**Student:** 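I have a structure here, written as structure tokens, and I will follow up with some questions on it.
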Amino acid sequence: MEKILIKNGRVVDPANYIDGKKDILIEDGKIKKVADFIVEDEDTNVIDADEKVVMPGFIDLHVHLREPGFEYKETIETGSKAAARGGVTSICPMPNTKPVIDSPESVKDLLKRAECSPVHILPIGACTIGQEGKELADIEGMKDAGIVALSEDGKSVMDSALFRKSLKEAARLDLPMFSHCEDKALVEGGVMNKGQKAEELGLPGITNSVEDVIVARDIIMSKEAGNRLHLCHCSTADSVVLVEMAKKQGLPVSAEVCPHHFTMSDDEITEDNGRFKMNPPLRNREDVDALKEGLKTGIMEVISTDHAPHGKEEKDQSMLKAPFGIVGLETSFALGYTELVDKGVLTLSQLVEKMSVNPAKVLGIDKGNLAPGKAADIVIADITKEYKIDSSKFVSKGKNTPFDGKKVKGRVITTIVDGKIVYKY
Ligand SMILES: NC(=O)N[C@@H](CC(=O)O)C(=O)O
Ligand SMILES: [Zn+2]
């Protein structure tokens, strides 16, 4: 296998307390050596990373690949290539495909299909059969087949007694539960955040309580069941308060924030169009500020995208009709860098913690770390030059983003997975 030497880059590797100029030698898919100066052999591929940052590959705990069943929105191939373009070297696809990933056979089928992927695919299994919320799925069988977490994402298991059963299985099998927090009955047809903007546009609103009551329920129930709980796409100020309370009690609770929720608030929605529609919705300024503060203090540990591709026609219509969801894999680093690091909310090292180190901890996998001997999953990026997000360049089939044309910094230049270059700008 090719030897690669990454020279002169600013290595940002928080797991090893490194933020400084180093060379990294990669051999046989693994990191061989990290040092101030490494001399190359003749047969080494040298990557000049002068003025670039070199980080452990990002791990995205929340993506939708749509295959099987909705290949017109995305396939495993296009979604995983989008990940590589975004510097994301491991992705966790949610089970809301058709059929739903709810059995050992469907997990095996997914992993077989995933052989085309340039990045690692770590599947998540559904809690209930068909995500219908009626009957528990074969969770142990799915674990044996290779799932890394459980989730009913797209909805909550609204039957709390059934949810308790899945939490107990999660605890027994040591699988984290990834909770999509949404009290279905409270949505009442809402399509965007309830507030002044929704009134202006004449659209039904989604209150914060839709999320908050299930965040509280899931924390309380996980405390009793003894499972690890990871709260998906937190969007409200009170979610942060509740996660802080759980952490103060020493509970194994983690929480993610998506780039769109820390970048944009509902008052920035310019028109009634599906590109502004996702679940949970863009919230108000106070919520956005609370999420940023939560990221800063460390209460919110993970940034993941909830990459949710849809067809052009589906999204280019009123929020009353468009499906929920926006793409995120190809813009997450740029938004994180621009909104959090460049604006002084986080250091670059802290951003890497949220995008690489902590997601690995949530899954309990040996990644997010550039020490010798570790797998060479690496991203090299340029953080100096400003550019505009251009959705026509996305390799994802989904172009549905509210950030088209936004000026950002933070461009992924090279992505390496297991010592192999899988993307080059
Ligand atoms: N987030 C979304 O708006 N949509 C997701 C489902 C989900 O993660 O809630 C989807 O699958 O499209
Ligand atoms: Zn969700």
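Basis for what follows: all heavy atoms, side chains included, without hydrogens, waters or symmetry-related copies. Counting starts at 1 for both ligands and their atoms, following the listed order. Owing to the predicted nature of the structure, the values given are computational and were not obtained by experimental measurement.
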**Student:** Please tabulate, one pair per line, all N/O donor-acceptor pairs under 3.5 Å involving side-chain atoms of residues 371-387, not counting sequence neighbours.
**Tutor:**
residue	atom	partner	partner atom	Å
Lys374	NZ	Asp366	OD1	2.9
Lys374	NZ	Asp366	OD2	3.2
Asp377	OD1	His120	NE2	3.4
Asp377	OD1	Asp418	N	2.9
Asp377	OD2	His120	NE2	3.1
Asp377	OD2	Lys367	NZ	3.0
Asp382	OD1	Thr384	N	2.7
Asp382	OD1	Thr384	OG1	2.6
Asp382	OD2	Lys385	NZ	2.6
Tyr387	OH	Gly410	O	3.0

**Student:** Val302 and side chain to side chain contact (heavy atoms under 4.5 Å, CB included): which single residue from Lys354, His62, His230 fits?
**Tutor:** His230
**Student:** Answer yes if the side chains of Gln249 and Lys223 hold a donor-acceptor pair under 3.5 Å, and no otherwise.
**Tutor:** yes
**Student:** Calculate, to the nearest 0.5 Å, the distance between atoms CG and SG belonging to Leu291 and Cys258 respectively.
**Tutor:** 9.5 Å
**Student:** Indicate whether the side chain of His180 and that of Glu152 have a donor and an acceptor atom separated by less than 3.5 Å.
**Tutor:** no
**Student:** Testing the 3.5 Å rule here: is there a donor-acceptor pair between the side chains of Asn369 and Asn16?
**Tutor:**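 Checked: Asn369/Asn16 side chains pair up, N/O donor to acceptor below 3.5 Å.
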**Student:** List by chain and number: which residues place a heavy atom under 4.0 Å from ligand 1?
**Tutor:**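 Its neighbours under 4.0 Å (heavy atoms only) are His62, His64, Arg66, Asn96, Asp153, Gly154, His180, His233, Met278, Asn279, Asp306, Ala308, His310, Phe324, Gly325, given by chain and number.
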**Student:** So which protein N/O/S atoms does the Zn ion (ligand 2) have within less than 2.8 Å?
**Tutor:** Asp153 OD1, His180 ND1, His233 NE2
**Student:** Would you be so kind as to tabulate the donor-acceptor pairs closer than 3.5 Å made by side chains of residues 140-148, with sequence neighbours excluded?
**Tutor:**
residue	atom	partner	partner atom	Å
Glu140	OE1	Arg172	NH2	2.8
Lys143	NZ	Leu173	O	2.7

**Student:** Taking Ser396's backbone N and O only, do any of them form a donor-acceptor pair with Thr78's side chain (distance below 3.5 Å, no angle check)?
**Tutor:** no
**Student:** Determine, for Phe324 and Lys277, whether the Lys NZ or Arg CZ falls below 6.0 Å from the six-membered ring centre while staying within 45 degrees of the axis.
**Tutor:**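 Yes, a cation-pi geometry holds between Lys277 and Phe324.
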